[in-house]
Amino acid sequence: MNILILGSGGREHAFAWKLAQSKKLNKLFIAPGNAGTAGVGTNVNISATDFNAIKKLVLENTISMVIVGPEDPLVKGIYDFFLSDVRLKNIPVIGPSKDGAQLEGSKDFSKRFMFRHNIPTASYETFTRDTLTEGLKFLETLTPPYVLKADGLAAGKGVVIPTTLDEAKKELTEMLANAKFGNASAKVVIEEFLKGIELSVFVLTDGTTYKILPSAKDYKRIGEGDTGLNTGGMGAISPVPFADEAFIKKVEEQVIIPTINGLKQEGIIYKGFIFIGLMNMNGDPKVIEYNVRMGDPETEVVIPRIKSDLLDLFEGVANENLNEKKIELDSRFATTVMLVAGGYPEEYKKGDVITGLELVKNSIAFHAGTSQLSTKNHQPTTVTNGGRVIAVTSYGNTMDEALKKSFANAERIKFKDKYYRKDIGNDLKEL
Ligand code: AMP
Ligand code: GLY
């Protein structure tokens, strides 16, 4: 099979790395990809949201399946685009339909969906510019901290958690009246603050049956001890030690089954990944959010723990016989440490040369923000091309053993102003 992966981050490199190991794979294309994906497939310089260019690429290269990495193409309806085109409609897209992608594309939609299907989540109210006054009054009935969420996609910045009523009122006004996040904050969800430990559970579904993938914990803040600005993710660990069998069983019964059944009942086509962001509240799960794709950097620890052929599982999704497939997992821990450019998540530089990749031992360097420059002597040089640059993934029989390898290799890879968190996993050791 010829396969196309859309996207350009560490998640997509991890998908490409895994699919390249499949006996069923013929040619692998990645659009637009990065320097890492160039090592396992062919990069094509097309944006993941340029549907017409993707169509041309798919037809010219007899591509028979498309794996969608990021949420953008899904929310913009790539699934429906394929389905409504005579020449593309039989080519499966791994990812939900445009309606299904609303689980991530609209916080208000996803809250209403959860309430319709009795899925445990924080209580909430939604406000618009016209109901700003009611929103401000509603804030007065709550206790701090306040959780304000822009309804639409806001590049991961749409959630604000002010600790005082004044700040919360100011923020709500900024979002609704002053369009702080543009159209994404035309609606704002205000919800109950959930106290507990966060984790993510990943599911692959064919619309009826499903496989639960390994759980993972992500480290979102830039600073050690979970301080400073939010980032796309600074590291991840899988499995999550506190997500034992009993907890995952609750997640399955209270969240996964009602979600998949709910989508089906509502006639929403969903064949792809569901990323469930959860709060573990004294052993009970509550959903913080859905994402309609895999997480990044969670993919860099989840995918390496899947021993089965990923392409075979994707075929199960496409052919709606996922229940006939076996999923075998690696029982070892996987950890990843993200190397980022100095300044990230604020302003940072691109184009700095990366060295030491060939010195990496006992880890996998998944490229995130990198690109390849062809220079003199035709020797390709890898340079930084994003805030998050490389995710260093390792296995270990214990979390510590895996982390030790990730940190050792994080030192070997060098670029100007490299930064990484040295406390990944520390919170899990204290539990
Ligand atoms: P989201 O963009 O929905 O993932 O939210 C970003 C982060 O905000 C989450 O990962 C949580 O850490 C935090 N968060 C979101 N909703 C809540 C909530 N209701 N209570 C506590 N923390 C929350
Ligand atoms: N690491 C969080 C995300 O992918 O949304």
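The basis for the numbers below is simple: all heavy atoms, side chains too, and nothing from hydrogens, waters or symmetry mates. Note that ligands are numbered from 1 as they come in the structure, with each ligand's atoms numbered from 1 the same way.
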Can you list the atoms of ligand 2 that are under 4.0 Å from a heavy atom of G232?
1 (N), 2 (C)

Quick note on ligand 2: atoms under 4.0 Å from a heavy atom of G295 include exactly 4 (O)

Should you measure from each heavy atom of E298, which atoms of ligand 2 turn up under 4.0 Å away?
1 (N), 2 (C), 4 (O)

How far is atom 2 (C) of ligand 2 from its nearest protein heavy atom, and which residue and atom is that?
D218 OD2, 3.4 Å

Charged N-O contact under 4.0 Å between K24 and E315:
yes

More than 12 non-hydrogen atoms from neighbouring residues, nucleotides or ligands closer than 6.0 Å to CZ on R112, yes or no?
yes

So, E224 and Y219: side-chain donor and acceptor under 3.5 Å apart, yes or no?
no

Using a 4.0 Å cut-off on heavy atoms, what residues surround ligand 1? Order them by chain and number.
K107, V147, K149, V159, I161, E191, E192, F193, L194, E198, K220, M279, I288, E289

Mark yes when over 12 heavy atoms from residues, nucleotides or ligands other than N178 sit less than 6.0 Å from its CG; otherwise mark no.
yes

State whether a side-chain donor-acceptor pair under 3.5 Å links K349 with T384.
no

Do S394 and S406 have side-chain N/O donor and acceptor atoms under 3.5 Å apart?
yes

For atom 3 (C) of ligand 2, which candidate among K220, E289, R293 provides the closest heavy atom?
R293

Would the number of heavy atoms belonging to other residues, nucleotides or ligands and lying under 6.0 Å from CG of N261 be above 12?
yes

Residue pair D151 / S106, side-chain donor-acceptor N/O under 3.5 Å:
yes

Polar contact flag for M294 and ligand 2 (N/O pairs, less than 3.5 Å):
no

Polar side chain donor-acceptor pair, E167 to Y146, under 3.5 angstrom:
no

